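Note sheet for the following structure.
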Amino acid sequence: MTNQIEAEAPTATRGAPAPLIAAHDVRKSYQVGRDSVEILHGVSLGVHEQEMVAVMGPSGSGKSTLLYCLAGLEAPTSGGIILAGKPLDALSRADLARMRRSQVGFVFQSYNLIPTLTATENVALPYLLDKAKPPQDLIASTLATVGLAERADARPPSMSGGEQQRVALARVLAQQPQVIFADEPTGALDTRTGELVLAELVRIAHTPGRCVLVVTHDPKVAASCDRILFMRDGLLVRELHDASVDTVAATLAGLGSREV
Ligand SMILES: Nc1ncnc2c1ncn2[C@@H]1O[C@H](COP(=O)(O)OP(=O)(O)O)[C@@H](O)[C@H]1O
Ligand SMILES: [Mg+2]
């Protein structure tokens with residue numbers, strides 16, 4: 001197995017001079033009682049435009065913490081992060097908020113939908129917050145892409161969890177951000193919708209000027225990515241390029257052993 005992994009192709013960055021997401025020696029500690037517990041032990045990575053990169057690893061290995069730091073939702077304890085050309089620690093709160101709204105999209109497990117607004121209105125919300133006119137055609141076609149054409153006028157309380165997740169996804173897709181962060185984006189979806197959503201994320205990731213970073217447990221999702229970063233105990237321990245589902249599954253299983 002090791003030989004097979006080492007034989008993987010070298011990094012194929014598609015032409016971008018600087019990565020859209022760059023992390024240098026990122027550490028993150030949380031205060032637990034009187035102790036400081038370090039969760040990320042020095043993570044460095046780069047994600048270039050037109051790249052879709054997966055982060056995999058056992059539960060508790062620090063994937064979500066890493067994603068939150070890269071997205072500017074949590075401040076790292078030390079280390080540097082550059083997102084869409086901007087060093088995060090140099091941004092004011094207001095600039096960070098503006099950047100998160102206009103250049104960065106989040107597909108997380110909590111949906112953050114407004115219960116009193118329809119699906120269409122929820123998808124239009126980022127435009128309204130930026131005082132921009134919502135592109136109604138794009139919003140309608142995005143809702144159709146995620147299989148919600150018929151539910152455009154429904155409000156979140158009358159929707160299933162899967163439907164709500166798709167509204168949240170449509171909101172990100174319609175925003176057309178440069179960088180999309182996704183934490184288990186297909187986890188709650190049926191197979192067909194999951195495939196649609198994955199195809200849409202891949203399509204966006206491969207658009208010039210954009211990239212997607214996705215945390216996933218699903219080897220099929222990871223195998224659709226250009227690169228896969230494997231985490232264990234707060235460190236990146238392996239990287240695969242253009243891997244097959246079988247290689248991903250084998251590598252993931254191997255993470256439990258001391259060999260990695
Ligand atoms: N706010 C927090 N305070 C203390 N510990 C945390 C906090 N957030 C996460 N952790 C701990 O950090 C570790 C990594 O968590 P997480 O990043 O959610 O892992 P993953 O997403 O890989 O499952 C876990 O041990 C978790 O308990
Ligand atoms: Mg997590």
Side-chain angles (χ1 to χ4, degrees), residues 21-47 52-81 83 88-89 93 96 100 104-113 161-162 164-166 168-169 172 179-189 194 197-198 201 205 211-225 227-240 243 248-260:
I21 309 169
H24 178 69
D25 199 21
V26 166
R27 291 169 186 271
K28 176 71 182 173
S29 301
Y30 287 113
Q31 205 65 32
V32 180
R34 262 191 256 162
D35 300 324
S36 175
V37 180
E38 194 173 81
I39 304 296
L40 299 178
H41 303 300
V43 174
S44 300
L45 58 83
V47 180
M52 178 140 164
V53 174
V55 178
M56 300 192 94
S59 181
S61 57
K63 303 179 298 295
S64 294
T65 304
L66 175 64
L67 207 68
Y68 287 6
C69 287
L70 296 174
L73 297 167
E74 293 263 11
T77 310
S78 69
I81 294 168
L83 183 57
L88 290 185
D89 59 1
R93 269 172 165 268
L96 192 58
R100 281 205 302 256
V104 182
F106 306 97
V107 186
F108 287 168
Q109 275 146 353
S110 61
Y111 317 122
N112 292 320
L113 300 178
Q164 291 184 43
Q165 193 184 15
R166 281 183 278 157
L169 183 74
V172 171
V179 180
I180 292 181
F181 293 98
D183 202 344
E184 292 290 348
T186 58
L189 304 177
V197 164
L198 180 60
L201 284 173
C211 72
V212 173
L213 184 70
V214 55
V215 168
T216 184
H217 287 106
D218 185 345
K220 263 198 261 170
V221 172
S224 303
C225 294
R227 271 195 300 146
I228 308 160
L229 309 174
F230 292 89
M231 274 196 103
R232 195 179 65 187
D233 299 336
L235 283 170
L236 294 180
V237 292
R238 266 209 179 271
E239 179 172 342
L240 294 179
V248 173
T251 306
L252 204 53
L255 284 188
S257 77
R258 288 279 117 201
E259 302 262 313
V260 184

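Fair warning: this is a prediction, and the values are worked out from it, not measured in the lab. Counting convention: from 1, in listed order, for ligands and their atoms alike.
- For the salt bridge (Lys or Arg N to Asp or Glu O under 4.0 Å) test, no residue two or more places apart in sequence or in another chain qualifies with K63.
- Ranking the protein heavy atoms by distance from atom 15 (O) of ligand 1 puts T65 OG1, 3.8 Å first.
- Atom 25 (O) of ligand 1 has its closest protein heavy atom at G60 O, 4.1 Å.
- Within a 4.0 Å radius of atom 23 (O) of ligand 1, the protein contributes one or more non-hydrogen atoms.
- Atom CD1 of I228 sits about 7.5 Å away from atom OG1 of T251, to the nearest 0.5 Å.
- Here is the list of ligand 1 atoms found below 4.0 Å of a heavy atom in P58: 22 (O).
- Of the possible donor and acceptor atoms, none in the side chain of R227 sits under 3.5 Å from a partner among the backbone N and O of E239.
- Tested against L229, the residues V47, L66, V215, L236 include a single side chain to side chain contact (heavy atoms under 4.5 Å, CB included) partner, L236.
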Counting only pairs under 3.5 Å, give me each side-chain donor-acceptor contact of residues 32-40, with atom names and distances, residues two or more places apart or in other chains.
{"residue": "E38", "atom": "OE1", "partner": "R27", "partner atom": "NH1", "Å": "3.2"}
{"residue": "E38", "atom": "OE1", "partner": "H41", "partner atom": "ND1", "Å": "2.7"}

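- In terms of polar-atom proximity, G62 is counted as a contact of ligand 1, with an N or O under 3.5 Å from an N or O of the ligand.
- Of all protein heavy atoms, the one closest to atom 18 (O) of ligand 1 is S64 CB, 3.7 Å.
- For atom 9 (C) of ligand 1, a protein non-hydrogen atom is found at a distance below 4.0 Å.
- Note that the CE atom of M52 and the CD1 atom of I180 stand 9.0 Å from one another [nearest 0.5 Å].
- A distance-only check finds no donor-acceptor pair linking the side chain of R238 to the backbone of F230 [under 3.5 Å].
- Close approach of ligand 1 to I39 (heavy-atom distance below 4.0 Å) involves ligand atoms 11 (C), 12 (O), 13 (C), 14 (C).
- Taken to the nearest 0.5 Å, the CG atom of D183 stands 12.0 Å off from the CZ atom of F106.
- Which parts of ligand 1 touch S59 is read off a 4.0 Å heavy-atom cut-off, strictly below it: atoms 23 (O).
- Among the atoms of T65, no N, O or S atom is found under 2.8 Å from the Mg ion (ligand 2).
- Taking atom 5 (N) of ligand 1 as the reference point, the nearest protein heavy-atom neighbour is Y30 CD1, 3.5 Å.
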